[in-house]
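Remarks on the structure that follows.
Nothing here was measured: the structure is a model prediction, and the numbers come from that model. Numbering starts at 1 and runs along the sequence shown.
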Amino acid sequence: MIIKQLTIENFGIYQGRHVVDLTVSEKQPIILFGGLNGGGKTTFLDALQLVLYGKHAKCSNRGHQAYGTYLATTKNRYASDHDVVEITITFSHTTETTTNEFTVVRKWHTQTKDVKDKVVVFCNQQEDTHLSQYWDEFVNEFIPLSLSDLFFFDGEKIENLAHPDRSADLIKTGIENLLGLDLLTQLHVDLNNVERKRKGENLDNSIIEKVTALENEISEQTTLFTSFKKEIADLEKRASDTNLNINKARQKVRNAGAHLIEQRDSIKFELGAIEEKLKANLAERVKLDAGCGPLGLISNLITATKKQITLEEKAIQAKVIETAIIDYEQNIKQTLVTAKVDESALIALSATMNKLASERQILASTPCYIQSNLAIFNGLDDKIAQDKSERANFLKAREALLEQHALFEKKLESIPDYETVQHLLSELAGFEAELKNDFVLIKQKQQLLQQAQARNEVLNTRYANLLTQQNKDTFEQKRAVQVANHIAKLKSTMQSFAAELIKENVTGLENHITDKFFALSRKSNLITGVKICPESFQLALLDTNKNPMSPSRLSAGERQLLAIAILWGLAEASGKEIPTVIDTPLGRLDGKHRTKLINNYFPKASSQVILLSTDEEITGQYYTQLKPAICREYHISYNEQEQTSTFTEGYF
């Protein structure tokens with residue numbers, strides 16, 4: 001089945017007539033719609049389902065309204081009273097080698113008290129009265145209603161299908177429909193009716209009243225059982241919607257910074273600790289500067305002092321040896337004269353001695369004002385270098401502390417006052433309490449359902465025993481007993497056949513879902529496969545050691561991918577060529593998960609894929625990656641002047 005065109009007239013936010021071309025090519029199966037929230041994307045999805053399924057359509061805002069009441073609320077509020085509401089879909093469908101084109105027109109007037117819709121179906125442009133009259137039955141040949149969730153879904157709500165109970169219901173419905181087991185279920189019901197009828201024939205008058213009473217009680221119990229199932233389904237849907245509201249409320253809380261209020265005290269504590277460390281750092285630096293550290297600032301003066309001390313030591317030595325040297329020189333001269341040394345040598349020697357004497361006198365006359373020893377400077381350079389290194393470390397630590405202090409102060413400033421976000425926190429708490437209450441009610445209803453089911457089984461057993469108590473030995477009675485026995489055997493055979501058929505096909509479905517999840521997940525070693533229980537249809541993940549693990553251990557994004565893998569696997573296993581329509585396709589997924597969907601799912605999900613995206617989903621690099629697979633692009637926008645949403649070509 002390939003949708004070619006959808007026409008919407010005066011439905012929801014769409015005033016007037018709007019025709020959308022939905023044809024695609026083999027290599028470009030995607031049609032991309034872009035629109036802001038409230039622009040008409042979900043209304044478009046509702047129109048698709050409503051024109052196909054009528055009163056059985058799973059429209060987003062119908063709730064528990066009666067079908068006629070819901071139709072009366074769907075008319076565009078700006079349309080005139082005489083305008084008709086009409087939705088038309090044209091699609092092609094291939095059976096074996098024959099391809100036919102069908103056009104389904106569903107329209108209704110809202111002026112009448114009891115609003116009813118009228119369906120007209122055309123096959124190859126010729127009106128088919130038989131199809132028009134029985135369209136609700138024929139539509140299941142194209143897209144079975146029980147499988148519609150596999151092909152029409154909201155990306156934001158899809159995560160809930162990864163819940164074990166929800167996924168079990170979906171898998172059970174999918175498998176039974178794919179294998180035709182829904183026919184066996186109906187046959188089982190029909191056989192039960194035949195069995196009761198046969199056993200009820202030729203009864204003694206004495207037990208007729210008992211049988212009638214039991215039949216009435218069984219009927220009441222069946223009604224109660226059905227009522228509990230419906231209430232549980234309604235509660236699960238409400239819980240799903242509440243969970244979506246919780247996620248939106250949490251996003252509001254995060255955007256407003258309200259989630260940081262609980263961290264205020266811990267941030268203040270961290271700020272106090274940092275300030276104490278800064279004080280200790282300052283004290284250590286003051287202590288360091290109170291030692292010999294400042295001497296590092298006068299290294300030139302210390303060098304000059306050392307030089308002066310050395311000169312003073314030499315001056316003192318010169319003063320001490322001056323007299324002894326003079327006497328020594330006189331003795332040398334006298335000895336040389338006595339020895340009659342050459343006169344020129346004596347003159348040169350005398351000049352040298354006079355020069356040395358002059359130098360000693362100059363040295364001896366050096367002023368001595370320090371009068372100290374070089375030993376006082378021993379180890380000073382090493383100590384100054386060590387203090388300098390420690391000071392650098394303290395300054396580095398201070399810079400790091402100041403950065404931390406600034407960071408925590410910024411966090412503290414970003415925390416809003418409780419009064420400004422109190423309404424957001426109250427809203428979130430209200431939704432969470434509502435969800436918790438829904439889960440409690442679901443659990444209670446499930447217990448009541450189990451009790452009703454057990455009671456129903458007891459009543460049916462009692463009913464069967466009562467029917468066999470009559471002892472008329474007639475041919476008809478024996479024949480009725482024989483038929484009843486054969487029916488019991490047939491039912492047992494059918495149950496065994498269904499169980500074996502399910503076991504044979506569950507393995508293939510497990511492989512389908514596993515392959516699809518591997519194609520979507522960015523963690524290659526997250527799981528090694530999935531396992532489906534053929535009795536309860538519960539889905540379990542297998543960890544790296546092949547041990548079962550609950551889907552609840554996955555993140556929200558991973559659960560959404562698992563839900564998509566389940567839908568994708570069931571859709572592929574169905575072997576049906578059905579369009580896939582996704583509202584809010586990327587939901588709350590992160591960048592890597594979005595890339596996986598863009599590259600591995602959307603272009604391969606079906607031969608026709610319709611995506612209804614906001615301006616924050618398929619943008620930038622995601623749009624660029626998806627572009628080669630896009631056949632058509634539309635922008636859904638609300639026109640204030642014309643008071644209607646419109647379709648224009650081009651994506652945003």
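Under a 3.5 Å cut-off, the side chain of Q28 and the backbone N or O of I630 do form a donor-acceptor pair. When atom types are taken as modelled, the side chain of N281 and the backbone of F394 share a donor-acceptor pair closer than 3.5 angstrom. Here the side chain of T305 pairs a donor or acceptor atom with the backbone of L301 at under 3.5 angstrom. For Y651 (side chain) and I618 (main-chain N/O), a donor-acceptor pair under 3.5 Å exists by modelled atom type.
P603 and L626 get closest at one heavy-atom pair: CG-CD1, 4.4 Å. Of all heavy-atom pairs between I513 and A565, the closest is O-CB, 3.9 Å. Heavy atoms only, all atoms of each residue included: E617 and T584 are closest at OE1-C, 3.2 Å. Shortest non-hydrogen contact noted between S606 and P29 is O-CB, 3.8 Å. Of all the heavy atoms in F431 and A249, the pair that sits closest is CD1-CB, 4.0 Å.
E427 has no carboxylate O lying under 4.0 Å from a charged side-chain N of K248, or vice versa, which leaves the two without a salt bridge. The residues K277 and E284 are annotated as not salt-bridged, no charged nitrogen and carboxylate oxygen being separated by less than 4.0 angstrom. One finds a salt bridge joining D241 and K237 here, because a Lys/Arg side-chain nitrogen approaches an Asp/Glu carboxylate oxygen to under 4.0 Å. A salt bridge links K383 with D387: at least one charged nitrogen is closer than 4.0 Å to a carboxylate oxygen.
Under a cut-off of 6.0 angstrom, the local environment of CD in E642 is sparse, with at most 12 non-hydrogen atoms contributed by other residues, nucleotides or ligands.
Two residues are said to be in side-chain contact when any heavy atoms from C-beta on lie closer than 4.5 Å; R594 and Q625 fail this criterion. Using a 4.5 Å heavy-atom threshold, the side chains of L32 and Y623 count as touching. Between K546 and K531, the closest side-chain pair of non-hydrogen atoms is not below 4.5 Å. Side-chain atoms of Y634 and D21, non-hydrogen and from C-beta on, do get closer than 4.5 Å to each other.
Just one residue in the list E403, K279, H405 forms a side chain to side chain contact (heavy atoms under 4.5 Å, CB included) with I274, and that residue is H405.
Ring geometry, F44 versus F33: the interplanar angle falls from 30° to 60°, so the pair is classed tilted.
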